[in-house]
Amino acid sequence: MAGSTGFSLNIAVLISLISLSSSIDFQGSLIHSNSPRSPLYNPKATPSDRIKAAVADSLSRHSYLEFSKSPGRASPDWVQAPMRPHGSFYVMSYYIGTPATETFGIADTASDLIWLQCLRCDDCFDQKLPIFDPSKSSSYRRVKCGEPECDALNNFRCKHDYDICTYRIGYMDESSSEGELSSETMIFSDSRSGGNYTLLNMAFGCGHRNFERDLVGDNAPGMIGLNNKSLSFLSQLHLNEFSYCLVPLDEVSLSSPIHFGLSASIVGLMTPILDVGGQEDFYYLGLEGISVKNEKLPIPADTFTVKENGIGGFIIDSGAMYTMLNSTAHAMLIKEVANKTSLPRVDDATELFDLCYNCSIQELDLIADITFHFTGVGVDLILSKMNTWTDNGDGLYCLAILPTDGFSIMGTYQQQNINVGYDVMKRVVSFKPMDCTKPLA
Ligand SMILES: *[C@@H]1O[C@H](CO)[C@@H](O)[C@H](O)[C@H]1NC(C)=O
Ligand SMILES: *[C@@H]1O[C@H](CO)[C@@H](O)[C@H](O)[C@H]1NC(C)=O
Ligand SMILES: *[C@@H]1O[C@H](CO)[C@@H](O)[C@H](O)[C@H]1NC(C)=O
Ligand SMILES: *[C@@H]1O[C@H](CO)[C@@H](O)[C@H](O)[C@H]1NC(C)=O
Ligand SMILES: *[C@@H]1O[C@H](CO)[C@@H](O)[C@H](O)[C@H]1NC(C)=O
């Protein structure tokens with residue numbers, strides 16, 4: 001018996017080692033914050049509460065992104081990440097430490113660091129799960145100053161004779177996390193096999209001073225950064241690819257698959273991830289035009305390009321819900337959809353949206369199609385009606401795309417039922433409309 005235990009232990013260690021090479025391949029689950037399966041589910045929120053929260057969230061997330069890019073506006077140099085999403089976002093569960101304790105983080109393609117609240121708390125916001133206690137974990141280790149992980153931080157300070165490397169990540173809504181850059185064992189479950197992926201020595205921020213601005217019910221203990229910078233989940237695992245397929249928001253009881261590594265599905269329409277002068281925080285894409293019912297809007301060519309001062313551009317984001325478009329283009333879009341649609345336009349009493357119809361879900365098919373034209377030959381993404389129109393909570397269907405004076409964002413509402421793939425080495429994002437509730441063939 002003792003022999004066989006030893007044998008399986010060795011296998012487990014081996015799997016851990018293999019998983020650190022670039023052959024890692026697992027399927028995780030993204031759970032929407034409005035899902036009853038989400039640890040953050042608030043059963044008291046009404047549908048209209050959720051829509052209001054999602055609009056507020058998209059707008060404030062955007063205002064950060066805008067702020068961070070604006071020259072002349074003094075943002076503290078540690079404000080470097082998008083705001084912490086509040087109303088509508090996706091979380092991923094994992095285990096941390098030895099023995100393993102369960103936690104989860106917001107999956108964010110627009111930031112890098114993995115962090116979570118840690119004891120001892122100088123300041124922590126409320127969370128339902130017990131706060132991670134590094135003193136109870138035998139695999140916990142502080143990263144020291146001078147180690148490459150510490151050097152990779154945008155903003156670090158060294159304390160106590162270089163024994164402690166502190167990080168500070170600030171969000172535009174004044175949320176922040178500050179603590180010690182650390183290293184731990186993390187376990188992610190593969191939702192196909194039910195098996196565990198054990199990842200050793202993952203760098204993360206152990207947050208002892210954490211502030212969250214708009215505390216609404218429950219809060220995510222932390223974040224999981226999925227951009228391409230060196231401390232992100234992807235980069236630490238040397239992954240070139242990931243893909244996700246977001247199930248429709250009305251299928252709230254289902255989780256959405258996210259694939260890392262070889263099983264990532266980079267299929268369908270392919271458009272380059274733009275290189276905008278070393279700006280690796282976000283995945284910038286080239287949105288070259290928009291059509292309504294096969295007619296291209298007369299949008300000036302540079303509307304969605306990043307300007308010399310860093311303002312503007314178009315990014316794809318997992319942390320914002322509604323797509324936000326340059327207000328000039330947005331106004332043209334509204335006008336043209338209204339023009340090409342025979343249904344009468346109705347004012348939105350909630351004042352959240354600009355174009356609404358009082359129609360049945362079937363009648364949405366009468367509304368003109370919207371197509372996004374991305375860089376590449378024939379990279380024309382027709383938005384489904386489900387991805388374009390949202391119930392405003394007041395019986396109307398409204399265009400789920402908001403205007404902005406800053407840079408434009410493709411949000412998760414417009415990514416429902418599309419397999420979205422990211423290949424960071426080949427520098428492409430792919431789109432393939434499909435039924436995300438059906439497992440990938
Ligand atoms: C995965 O790891 C967690 C935490 O150690 C454990 O509770 C769970 O049983 C493991 N699952 C499998 C299939 O080994
Ligand atoms: C929005 O589009 C207009 C018209 O193309 C352009 O002049 C303006 O610079 C764009 N705004 C931003 C922030 O990119
Ligand atoms: C749509 O636009 C065309 C051309 O500008 C105009 O002639 C027509 O009256 C408009 N139709 C509606 C329903 O607004
Ligand atoms: C939508 O139409 C229905 C029936 O035609 C009507 O009862 C309802 O008041 C309308 N709602 C709005 C917000 O206009
Ligand atoms: C991601 O990082 C790698 C390694 O630094 C780099 O070669 C690649 O171009 C980056 N890709 C993107 C999309 O930033």
Side-chain angles (χ1 to χ4, degrees), residues 4-20 24-29 31 39 46-48 51-52 92-105 116 129-130 132-134 136-140 184-202 204 221 224 255 260 290-299 331-364 366-370 389-400:
S4 77
T5 310
F7 179 70
S8 54
L9 194 69
N10 284 340
I11 296 279
V13 171
L14 188 64
I15 289 172
S16 304
L17 292 175
I18 290 170
S19 70
L20 282 176
I24 188 171
D25 168 18
F26 78 94
Q27 177 182 327
S29 298
I31 303 170
T46 64
S48 100
I51 292 158
K52 276 188 199 120
M92 257 173 86
S93 293
Y94 64 101
Y95 295 89
I96 185 166
T98 311
T101 57
E102 196 172 7
T103 188
F104 61 96
L116 77 164
L129 291 173
F132 177 61
D133 184 353
K136 299 228 163 74
S137 169
S138 60
S139 45
Y140 176 82
E184 253 301 8
T185 300
M186 296 184 180
I187 299 176
F188 287 79
S189 299
D190 180 13
S191 38
R192 284 166 311 186
S193 67
N196 280 338
Y197 258 103
T198 303
L199 308 170
L200 306 175
N201 303 316
M202 292 289 286
F204 76 104
I224 301 174
S255 58
F260 292 99
I290 299 175
S291 293
V292 175
K293 209 174 172 182
N294 299 325
E295 198 174 313
K296 258 200 167 148
L297 300 176
I299 298 174
M332 288 183 194
L333 177 65
I334 296 266
K335 194 163 162 242
E336 200 59 19
V337 173
N339 181 292
K340 289 198 157 50
T341 300
S342 53
L343 297 167
R345 202 172 154 173
V346 179
D347 279 342
D348 175 16
T350 68
E351 295 184 342
L352 296 172
F353 299 101
D354 297 308
L355 177 62
C356 300
Y357 294 104
N358 186 358
C359 67
S360 66
I361 194 158
Q362 291 79 17
E363 284 172 315
L364 287 177
L366 301 174
I367 303 178
D369 278 334
I370 298 172
W389 300 92
T390 179
D391 182 336
N392 72 339
D394 208 17
L396 301 180
Y397 281 106
C398 301
L399 184 65

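Start at 1 and go down the list; that is how both ligands and their atoms are numbered.
Atoms of ligand 1 found under 4.0 Å from any heavy atom of Asn196, numbered from 1 in the order shown, are 1 (C), 2 (O), 3 (C), 8 (C), 10 (C), 11 (N), 12 (C), 14 (O). Close approach of ligand 1 to Ala100 is summarised as follows: ligand atoms under 4.0 Å from at least one heavy atom of the residue are 4 (C), 5 (O). Ligand-side atoms of ligand 1 in range of Gly194: 13 (C), range being under 4.0 angstrom from any heavy atom.
A distance-only check finds no donor-acceptor pair linking the side chain of Thr103 to the backbone of Tyr95 [under 3.5 Å]. Remark: the backbone N or O of Leu396 is not paired with any side-chain donor or acceptor of Asp394 at under 3.5 angstrom. Panel note: side chain Ser93, backbone Phe104; no donor-acceptor pair is recorded below 3.5 Å. Judged by distance alone, the side chain of Tyr197 and the main-chain N or O of Asp25 form a donor-acceptor pair under 3.5 Å.
Under the 6.0 Å cut-off for aromatic ring centres, Tyr94 and Phe188 qualify, their centroids lying closer than that.
With Thr350, Asn392, Asp394, Asn358 as candidates, the residue nearest to atom 1 (C) of ligand 4 on a non-hydrogen basis is Asn358.
Within a 4.0 Å radius of atom 9 (O) of ligand 4, the protein contributes no heavy atom. Atom 5 (O) of ligand 4 lies below 4.0 Å from none of the non-hydrogen atoms of the protein.
For atom 13 (C) of ligand 4, the closest heavy atom belonging to the protein is Leu396 CD2, 3.7 Å. If you check which protein heavy atom lies closest to atom 7 (O) of ligand 1, you get Tyr95 OH, 4.1 Å. Scanning the protein for heavy atoms near atom 2 (O) of ligand 3, the closest one is Asn339 ND2, 2.2 Å.
With a 4.5 Å cut-off on side-chain heavy atoms, Glu184 and Phe132 count as touching. Proximity of Val337 to Leu399: side-chain heavy atoms (C-beta onward) are nowhere separated by under 4.5 Å.
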